[in-house]
Visitor: 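This structure is in structure tokens; I'll ask about it shortly.
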Amino acid sequence: MPIVNAIAATSATEPLIRTTIERREVGPSDVLIEIAYSGICHSDIHTVRGEWGQITYPQVVGHEIVGTVSEIGSDVTLHKVGDRVGVGCMVNSCRECVNCLSGDEQYCLKGNTGTYTSVDRDGSITQGGYSTHIVVVEDFVLRVPESIPFESAAPLLCAGVTTYSPLAHWNAGPGKKVAVVGMGGLGHMAVKIAHAMGAEVTVLSQSLSKQEDGLRLGADHYYATSDPATFENLASSFDLIINSVSALIDINAYLSLLRLDGTLVSVGAPPEPLPVQAFTLFNNRRSFAGSGIGSISETQEMLDFCAEHGIAPETEMVTADEVNEAYERVLKSDVRYRFVIDIATLA
Ligand code: NAP
Ligand code: ZN
Ligand code: ZN
């Protein structure tokens with residue numbers, strides 16, 4: 001089995017280290033990808049630090065992957081050697097359940113096979129994109145349009161689709177007031193995509209320190225949630241709120257900003273529960289919803305949408321040796337707006 005370079009977590013508390021892992025041989029339906037860039041998602045940090053539950057170490061994370069196809073299996077028809085491709089948060093699903101059959105394989109009833117920490121079909125634990133190569137079944141591999149700069153495309157594979165999916169599902173568009181809570185990796189993509197869909201976009205950030213950026217990325221308004229006046233002034237005003245915060249927040253305060261029949265969708269995944277007051281939902285017949293990544297077809301739709309609208313993530317490139325430092329900066333909300341690992345530095 002091919003041995004490849006990778007960056008792995010060895011425990012919940014120690015820094016990630018350089019190591020090697022095994023990838024499976026390329027099967028008839030598989031594509032071997034030489035990874036060029038790998039984004040750092042806050043989910044990677046929740047995962048390696050055991051915040052979502054215990055995992056098996058060593059573990060390689062990373063589910064925002066772009067690279068070039070370097071080998072294909074005998075039955076592969078969707079990709080060819082040399083293609084620019086991407087892999088997001090899942091690498092397979094059961095393909096039989098009602099959700100898989102309806103094209104919502106991210107909600108596979110048996111659990112989709114995550115790009116990392118999942119049990120793969122051969123019984124091994126899947127290892128993610130902080131590595132030089134990955135082998136993935138062809139229909140879970142996306143085409144990355146030529147017009148999207150390769151160095152900044154990787155975050156679309158998670159941050160892009162995770163925000164595109166609820167924005168599309170809850171019909172963000174002209175005449176709709178959309179608020180984005182938290183302007184980090186997911187949040188900044190939500191701003192760009194909601195703006196491109198034609199919605200009126202408001203950022204609700206902890207402070208005004210990123211206001212100029214928010215307005216440049218497409219927001220129409222920007223408010224600090226540290227200012228209590230924000231919640232008074234914006235009461236009952238939004239059709240849709242996308243909460244991208246990685247930590248516990250007072251969710252009722254944000255729900256109170258929804259107008260009649262408005263929906264707050266949490267994509268942020270703090271380890272703690274978000275307690276909701278029934279009366280906050282009764283008022284204005286509000287809905288509190290969640291949304292997990294997006295389907296493969298939706299991911300392709302999002303990539304094509306971003307190409308059409310000239311959207312790319314705002315990224316800061318780091319080397320393989322700077323990943324631990326990048327994690328610390330993400331935890332301090334000091335990310336502008338997604339770290340991407342230059343996998344060439346891991347070779
Ligand atoms: P990120 O880059 O760290 O962004 C999170 C943002 O939340 C920060 O930039 C900050 O924005 C705000 N924030 C952080 N701590 C806060 C606090 N204590 N109070 C208020 N606001 C705070 O993280 P990310 O990669 O975008 O991921 C965000 C969350 O989504 C994570 O929990 C991640 O696991 C989850 N996620 C879910 C899915 C899904 O399928 N649903 C997919 C990917 C990620 P401001 O500085 O602007 O306030
Ligand atoms: Zn992610
Ligand atoms: Zn399924």
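Positions are given from 1, in the same order as the sequence printed here. Counting starts at 1 for both ligands and their atoms, in listed order.
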Visitor: Within 45 degrees of the axis of the six-membered ring of F238 and under 6.0 Å from its centre: does R259 put its NZ or CZ there?
Guide: no
Visitor: Taking N243 as the fixed residue, which of L255, I251, V265, L204 is the one that meets the side-chain contact (heavy atoms from CB on, under 4.5 Å) rule?
Guide: I251
Visitor: Can you run down the ring-ring contact (aromatic ring centres under 6.0 Å, His included) pairs that involve residues 38-84, sequence neighbours left out, and say none if there aren't any?
Guide: H42-H46, H46-W52, H63-Y116
Visitor: Are side-chain N/O atoms of S165 and E298 paired as donor and acceptor at under 3.5 Å?
Guide: yes
Visitor: So, taking the atom named OG in S43 and the one named CD1 in I293, what distance separates them when rounded to the nearest 0.5 Å?
Guide: 9.5 Å
Visitor: Under 4.5 Å between any side-chain heavy atoms of V330 and K332, yes or no?
Guide: no
Visitor: Are there any protein N/O/S atoms under 2.8 Å from the Zn ion (ligand 3), and if so, which?
Guide: C94 SG, C97 SG, C100 SG, C108 SG
Visitor: State, to 0.1 Å, how close S295 and G103 come at their nearest heavy-atom pair, and which atoms those are.
Guide: CB-O, 3.1 Å
Visitor: Keeping to distances under 2.8 Å, can you name the protein N/O/S atoms close to the Zn ion (ligand 2)?
Guide: C41 SG, H63 NE2, C158 SG
Visitor: CE/M189 to OH/Y164 distance, rounded to the nearest 0.5 angstrom?
Guide: 11.5 Å
Visitor: Compile the protein residues with any heavy atom at a distance under 4.0 Å from an atom of ligand 1; present them by chain, then by number.
Guide: C41, H42, S43, H46, W52, C158, T162, G182, M183, G184, G185, L186, S205, Q206, K210, S244, V245, S246, A247, I249, V267, G268, A269, S291, G292, I293, V330, S333, V335, R338
Visitor: What is the distance from atom CH2 of W170 to atom CG of L240, rounded to the nearest 0.5 Å?
Guide: 8.0 Å
Visitor: Name the residue from R336, K210, R216 that meets the salt bridge (Lys or Arg N to Asp or Glu O under 4.0 Å) definition with E314.
Guide: R216
Visitor: Tell me if the centroids of the rings in F339 and Y327 come within less than 6.0 Å of each other.
Guide: no
Visitor: Is the shortest side-chain N to carboxylate O distance from D139 to R95 below 4.0 Å?
Guide: yes
Visitor: When you check the gap from the basic side-chain N to the acidic O, do R286 and D261 get nearer than 4.0 Å?
Guide: no
